[in-house]
Amino acid sequence: MAKYNKVSEAVIRRLPKYYRYLKDMEKNGVQRISSRELSDKMGLTASQIRQDFNCFGGFGQQGYGYNVSELCNEIRKILGLHKNYNVIIAGAGNLGQALANYIGFEREGFYIKAIFDVNPRLIGMSIRGIQIMDIDAMKDFITNNDIQVGVVCVPKDKAQEVTNQMVESGIKSIWNFAPIDVETPDDVAVENVHLSDTLYTLVYKMNEI
Ligand code: NAI
């Protein structure tokens, strides 16, 4: 069940950015920051930041600002990043392998447990010690290994099918990179990541300048 009522999608989308900035400041030894300084850094208004944090009970103190590591920890908890998650990837091609090779996810508690593919030439190989297995073994693997996150890195025409297989096996969140908006039941979270959309936006902006 949701912990916070009426938190808008827009606020949720800003949380990772707050977290990223605060983590950086904490790493650089910044102990305290005013909402004004934070807003200057992040390109948001101070009142926007206060409103966002009020959705979770508010964190600052009048006249003091925010304690950076406390705020960072709070946002980490709100996002759920204080816990660990077991992850699998479907599709061991260019993108699936690149994601499996990235160690940054582990630092935030996302452990990639296996990769699944249909290509017999890839099955049996491993990436950073993570086994590439036959897609036919994916359902059992999900059920037996307490997997919470499924990453979809297969071609577009296979993405919904693979998503459905993950959902049927009990996965509760789908991170899809195929250029199609995959659909999931209401109790399964989904993020469709369209890298090319951001590229097209970039080019639009460039051509406007
Ligand atoms: P790729 O062709 O290198 O890899 C796709 C892999 O999926 C192959 O190894 C293939 O054997 C496997 N596959 C096919 N059907 C499958 C199934 N039913 N179950 C399990 N595995 C299956 O493609 P790439 O470049 O890795 O891209 C993957 C997806 O991500 C595509 O949908 C692509 O459009 C999207 N994408 C890729 C980007 C990139 O930078 N490579 C950027 C943005 C999106």
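Atoms within a ligand are numbered from 1 in the order they appear, just like the ligands themselves. For reference, positions follow the sequence shown, starting with 1.
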Minimum-distance protein heavy atom relative to atom 10 (C) of ligand 1: Asp117 OD1, 3.4 Å
Same apolar cluster (I L V M F W Y, side chains within < 4.5 Å links), Val190/Phe177: no
Whether over 12 other heavy atoms sit under 6.0 Å from Glu108 CD: yes
Asn119 neighbourhood, listing ligand 1 atoms whose heavy-atom distance to it stays under 4.0 Å: 11 (O)
Nearest protein heavy atom with distance in Å, relative to atom 44 (C) of ligand 1: Phe177 O, 3.4 Å
Nearest protein heavy atom with distance in Å, relative to atom 5 (C) of ligand 1: Cys153 O, 3.7 Å
Which segment of Val118 sits under 4.0 Å of ligand 1 when only heavy atoms are counted: both
Check: Trp175 ring centre within less than 6.0 Å of Phe105 ring centre: yes
Ligand-residue contact atoms, ligand 1 with Leu122, heavy atoms, under 4.0 Å: 9 (O)
Subset of ligand 1 atoms that lie under 4.0 Å from at least one heavy atom of Leu195: 42 (C), 43 (C)
Heavy-atom check, side chain of Val167 versus side chain of Pro185, under 4.5 Å: yes
Salt bridge flag under 4.0 Å for residues Arg13 and Glu9: yes
Shortest protein heavy-atom distance from atom 23 (O) of ligand 1, along with the residue and atom involved: Asn94 N, 4.5 Å
Pair Glu106 + Arg128: basic N to acidic O under 4.0 Å: yes
Closest approach of any protein heavy atom to atom 40 (O) of ligand 1, naming residue and atom: Leu95 CD1, 4.4 Å
Ligand 1 atoms in contact with Lys156 (distance to a heavy atom under 4.0 Å): 32 (O)
Min N/O separation Lys158 to ligand 1 under 3.5 Å: no
Side-chain donor-acceptor contact under 3.5 Å, Asn101 with Gln97: no
Subset of ligand 1 atoms that lie under 4.0 Å from at least one heavy atom of Ala178: 32 (O)
Side-chain ion pair, Arg32 and Glu70, N-O less than 4.0 Å: no
Atom 14 (C) of ligand 1: nearest protein contact (heavy atom, Å): Pro155 CD, 3.4 Å
Val151 side chain near Ile88 side chain, heavy-atom distance below 4.5 Å: no
Donor-acceptor side-chain pairing of Asn28 and Glu26 below 3.5 angstrom: no
Side chain, backbone, both or neither: the part of Ala90 lying under 4.0 Å from ligand 1 by heavy atom: neither
Nearest-neighbour protein heavy atom for atom 33 (C) of ligand 1, which is reported as residue plus atom name and distance: Pro179 CD, 4.0 Å
Winner among Asp134, Val154, Asp157, Ile89 once heavy atoms are compared against atom 31 (C) of ligand 1: Val154
Rounded distance [0.5 Å steps], OH in Tyr21 versus CZ in Arg14: 13.5 Å
Residue, atom name and distance, where the atom is the protein heavy atom closest to atom 4 (O) of ligand 1: Gly93 CA, 3.2 Å
